Q: 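Here you go, one structure.
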Amino acid sequence: MSKHNRQRCVVIGLDGVPFSFLNSLMANGELPNLRKIFSNGSLRQLNSVIPTVSSVAWTSFMTGKNPGKHGIYGFVDRELNTYNTFIPTTRNIRGETLWEVLSRHGKRVVVMNVPISYPPRPVNGILVGCFLTPTLEKGVYPPSIVPTLQRLGYRIDVDAWIARKSLDEFLKELKTVLERRAEVTLHFLRNGDWDFLMMHFMETDRLHHFLWEQMQAADERYQSRCLDIYRFIDGVIGDLWAELDGDTSLVMLSDHGFCTIRQEINLNAWLRQNGWLKFRNDPPASLEEIHPDSVAYSVIPGKIYLNLEGREPQGSVRPAEYERLRDQLARQIAGLRDSESGEFAVDRVLTREEAYCGPAFAQAPDLIVLPRDGYDLKADLKKERLFERGIFTGMHTFSDAFLFFSSRTLPDRTIEMVEVMPTILQEMGIPAPDDLDAAPLAV
Amino acid sequence: MLPASQPKVVVIGLDGATFDLLDPWIEEGRLPALRRIAEQGGRRVLTSTIPPHSFPAWASFYTGMNPGRHGIFSFYMREPDRYRWRPVDAGDRRAVALWEILTAHGLRGGFLNIPLTYPPEPLNGVMISGWLGTPSLSSSFTYPPELKDHLLRRFGSDSILEPDPYNQDPTIYLRDLLASIDTQTRIVLELNRQHRFDVTVAVFGQVDRVQHFFWKQMDAGYPGHDPKTSEALKTAIRQVYEAVDLAIDRILAQEPGATVFILSDHGTGPYERDLYLDAWLEREGYLVRRGRGGTPGLAGWSACSPHRAVTGTYYWLKRWLPSGLRGYVKARAQSGLLARIRSLAMSPMTFEVDWERTRAYSIDEGRIYLNLRGREPAGCVSPGAESARLLEEIRAGLMQLVDPQTGKPVVESVYLAEELYEGAAMSRAPDLILSCERLGYQIKPSPAGAGGELFGSTHRWPGITLEHSANHRVEGVFLAAGPSVRRGARLPSARIIDLAPTILYCLGLPIPSDMDGRVLLDLFEPSFTQAHPVEMGQEAGYRGSSGSREMDQEELEVVRRRLRGIGYLE
């Protein structure tokens, strides 16, 4: 790698694109551009984070830290010392993001659509908020580029509710949103002054939630349009690659993989059925109606909290009993079986100490349930059924994301999400903050 | 970037400075730098926000908007859906700040020690959060973050932030104030040297502090003034004015061609009596209490007590510790004004209120809120006709209030929110705002043991031993000088919201069309204004959403729907 004055980096996020799926597509002759690009660098399997949701995974990507340090434990989290749930935003992210570190060092950044990036924190450059942005006007830094985005027809996110009406219409909408996003990416790539540019494509995740099973089964009603999404992305990356000069490296990654849903499991229903959780009213309007005798409750996905005295407002679990009850609960959940097939539904149950460490540890759930592939964990308070299947056919997986670096050879092993940021910083010649979870990946 | 012929802009804030003191001391030749500026340029009264408090005033300064638009009305904000208040921070503002506009245009700025700039934000340049609003020395109060360590190493920890006024011997406090002016000046000089800032803004809060605590000592006509006070304390305020004058001199010596603005966010003057507004509201039956002396019921409120205990311990330790250890203890124990505000907000007053029967309440100085249905969690006053009637009734009652000791009215004006403010952040506004500073009254929460009295003369804020004898006024100061500034102009008063657009104008930038302030064209030579017409730009915009922790209801619904759409939320 030559040393030039300006080491630039482009990062493309493809949400929820599995390593295995990419490889099988390429093996079938699809994705010619990606195949060519991947042959010029290092493609590896990447582990996601726990819980395996995009807001947590991308926040770990952008901070180089586990949730115990950055404080984001899900799309939804429980506010400490209350039974209130809230939707974490950038206000809840502790510490600096990759783009803030780069900004500090005078690098100009263009960052678009990476969860979580609403509300936009100022950077040395441009930041377009992620799909948690209510309106474009509120989600962009600096506000002066809103007209440009509007002119290019940029859309924050596809409206997933369309899929409930018609998968055909949904696919059409999805393609439109994807096209606009691609256009904006190329616009800033060509016209902006930047050292670091990142665009995150959420469309693949949306596609997989509704159509994963259909894609695996090559369902002919949808297959060509699903593949069309991938082919389009391949074309865009090809165009993008052609614009890059020798000083610019390309990084691509996803935040988790996907698999077909066999059952959705309602952990709060399980807790209620097994005597760990009860409510004062039936059906409860919210967690706040929890009965003080409850031992544990759950927040999506797979987060379990003990109803701890001194921490929870109606807590009744005494600190002296915490570990014993927690162990008992963990063992019981680990034995959860799919009522149809009889198979175990849970891979592991981790304690908070096993999963997290850092200043945001107090916010962590007491237990975190890692499901086996096919078992999507939910926490609905109003539904009583333990097992269900809904409109979604795909769910996230932990160990099947992918990572690609064009400019260095990565170690021959599965990479961890927290290793990516320090490596990008090293690529760009920027010293990493000293509180990151991992060192840069050795060249 | 600036064309070579465009001078840079230096803005020096003297928190709370007033012409009542500035003019005579300039006359006496004690403030040569300020005298030069007054002679070479223009001077005018600068009107603050109403009420003239530092947080809303400085936010108005650095956004060019009125509080109805920038959303900072007070030191506190009520958290959504509960009767709990927390101190505001810079992230709570809803309008774009000057440094964001500069950054977006590629200009560099140093924003140093401005109140309500904690937490510091990434920008093109440097930010040091002002003491007022920074929790403590151990907070990360600089951008870039590493600057803090550099400052600590280079300048030591004792005086880079203003001293806390708690439990301090007045002589020691004055000494520490003066030391911090010197240290902060040296920091400004060093940063100015290292960076080519297009704008430097440096605020000296010490002016406000010394006036609060040493007015009585200075003013022979003040009731209770002790003629036997030491010379040092009698001249305390003047010493601070002289010290900032020297600071101004040193800073401007570095920037000979700059346009300079000197301003205060509000004025100051003596006050004598306290009005306990919450006691009045209770007496009139608007505020209902459950009964005094109750223990706090909510978990987590006890967080305020460690701060008291720690600060008290620090004071004791400071007296008895070997001097080598004092610095360490101070750094750890210094809890800052914010902790004090926090403990004020969680005072017995808030615990004891019977919210279901209370129709109006007041938490923060001079602001009254109705317990409004649909806004407050247990609101019992209906919006519309009922609330309008109640507001009128309260207003009329307050205007008639007379202090039995003087026989004279206490309240100068009572405003409705929409009489003072307008904009997208009005949902945070108080319902009524009192003005009584000019009549010599300060509004305080009734102290424990006040026995329902409406008036008092404690001259003490809770937790602070130093007495205070001065209060804010709406009339602050503004002086300007520079290559294109008209000489010797005595101009009609301007508003604090006019500073931001005027600064942008000096830098050759367009003025956001949604700024409430206007460019003060009358400051400049006609030849300059003719050659540089004001350029109006797009809206600066609405920054983020309400509250530093939660989205507002509307935004939450949009986002919840999206999450539900993909099954991430039930």
Side-chain angles (χ1 to χ4, degrees), chain A residues 53-55 74-76 79 81 84 86-87 89 91-92 96 100 103-105 118-124 131-135 137-138 140-144 146-147 156-157 159-164 205-206 209-210 264 300-301 310-311 313 376 378-383 390-392 395 433, chain B residues 80-82 89 91-92 94-97 99-106 119 121-125 140 143-147 298-300 303 510 512 514 537-552 554-570:
Chain A
V53 290
S54 295
S55 58
F75 274 126
V76 137
E79 196 186 327
N81 301 129
N84 300 330
F86 68 101
I87 295 172
T89 66
R91 297 184 186 114
N92 306 100
E96 279 188 303
E100 286 163 345
S103 294
R104 239 197 315 121
H105 284 94
Y118 174 81
R121 290 182 181 176
V123 291
N124 181 22
F131 81 107
L132 292 177
T133 301
T135 62
E137 289 77 9
K138 294 186 188 178
V140 173
Y141 179 89
S144 53
V146 169
I156 299 170
D157 196 17
D159 184 354
W161 288 91
I162 297 175
R164 286 159 178 76
D205 177 87
R206 301 292 182 250
H209 273 293
F210 291 103
E264 290 177 358
I300 192 175
R311 184 184 72 186
D376 205 10
K378 306 284 188 181
D380 199 310
L381 291 177
K382 300 199 176 44
K383 295 188 187 161
I391 188 178
F392 304 109
M395 61 173 275
Chain B
D81 298 327
R82 37 194 93 120
D89 64 40
D92 289 318
R94 299 178 77 178
V96 165
W99 51 86
E100 298 181 84
I101 299 174
L102 260 48
T103 300
H105 282 95
E121 302 167 16
L123 74 163
N124 186 11
S140 177
Y143 183 86
E146 321 76 80
L147 176 61
L298 289 161
D514 53 347
Q538 292 169 333
E539 291 188 351
Y542 186 92
R543 181 184 180 274
S545 72
S546 66
S548 72
R549 256 142 242 150
E550 294 176 34
M551 301 187 206
D552 67 36
E554 207 184 288
E555 294 167 333
L556 205 49
E557 259 328 293
V558 170
V559 173
R560 279 209 162 108
R561 189 180 175 276
R562 277 200 200 131
L563 289 174
R564 238 178 264 128
I566 10 163
Y568 291 156
L569 201 57
E570 279 88 27

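Every chain is numbered from 1, with letters handed out A, B, ... down the list of sequences. All values reported here derive from a predicted model rather than from experimental measurement.
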Q: Any side-chain heavy-atom pair from Arg561(B) and Asp159(A) closer than 4.5 angstrom?
A: yes

Q: On a heavy-atom basis, which atom in Glu100(A) and which in Tyr143(B) lie closest, and how many Å separate them?
A: O-OH, 4.3 Å

Q: For a 4.5 angstrom cut-off between non-hydrogen side-chain atoms, does Ile566(B) reach Phe131(A)?
A: yes

Q: Among Ile162(A), Asp380(A), Ile391(A), single out the residue with the greatest number of heavy-atom pairs under 4.5 Å to chain B.
A: Asp380(A)

Q: For Arg121(A), which atoms come within 4.5 Å of any heavy atom of chain B: side chain, backbone, both, or neither?
A: neither

Q: Hey, are the side chains of Pro122(A) and Thr103(B) touching, using non-hydrogen atoms and a 4.5 Å cut-off?
A: no

Q: Looking only at heavy atoms, which two atoms of Arg104(A) and Glu146(B) are closest? And how far apart?
A: NH1-OE2, 2.8 Å

Q: So which part of Pro147(A) gets closer than 4.5 Å to some heavy atom of chain B, the side chain, the backbone, both or neither?
A: side chain

Q: Please look at Glu96(A) and chain B and tell me whether the side chain, the backbone, both or neither of the residue comes under 4.5 angstrom of a heavy atom of that chain.
A: side chain

Q: Using a 4.5 angstrom heavy-atom cutoff, name the option from Gly390(A), Pro313(A), Ala379(A), Ser54(A) with the most pairs to chain B.
A: Ala379(A)

Q: Using 30° and 60° as the class boundaries, would you call the ring planes of Phe75(A) and Tyr568(B) parallel, tilted or perpendicular?
A: parallel

Q: If you compare all heavy atoms of Gly567(B) against all heavy atoms of Lys378(A), which two are closest, and at what distance to 0.1 Å?
A: O-NZ, 2.8 Å

Q: At a heavy-atom separation under 4.5 Å, does Asp205(A) approach chain B through its side chain, its backbone, both, or neither?
A: side chain

Q: Ignoring hydrogens, what is the shortest heavy-atom contact between Arg560(B) and Ile87(A)? Give both atom names and the distance.
A: CG-CD1, 3.9 Å

Q: Looking only at heavy atoms, which two atoms of Ala160(A) and Gly565(B) are closest? And how far apart?
A: CB-O, 3.6 Å

Q: Return the option, out of Thr133(A), Val146(A), Asn124(A), with the maximum number of heavy-atom pairs under 4.5 Å with chain B.
A: Thr133(A)

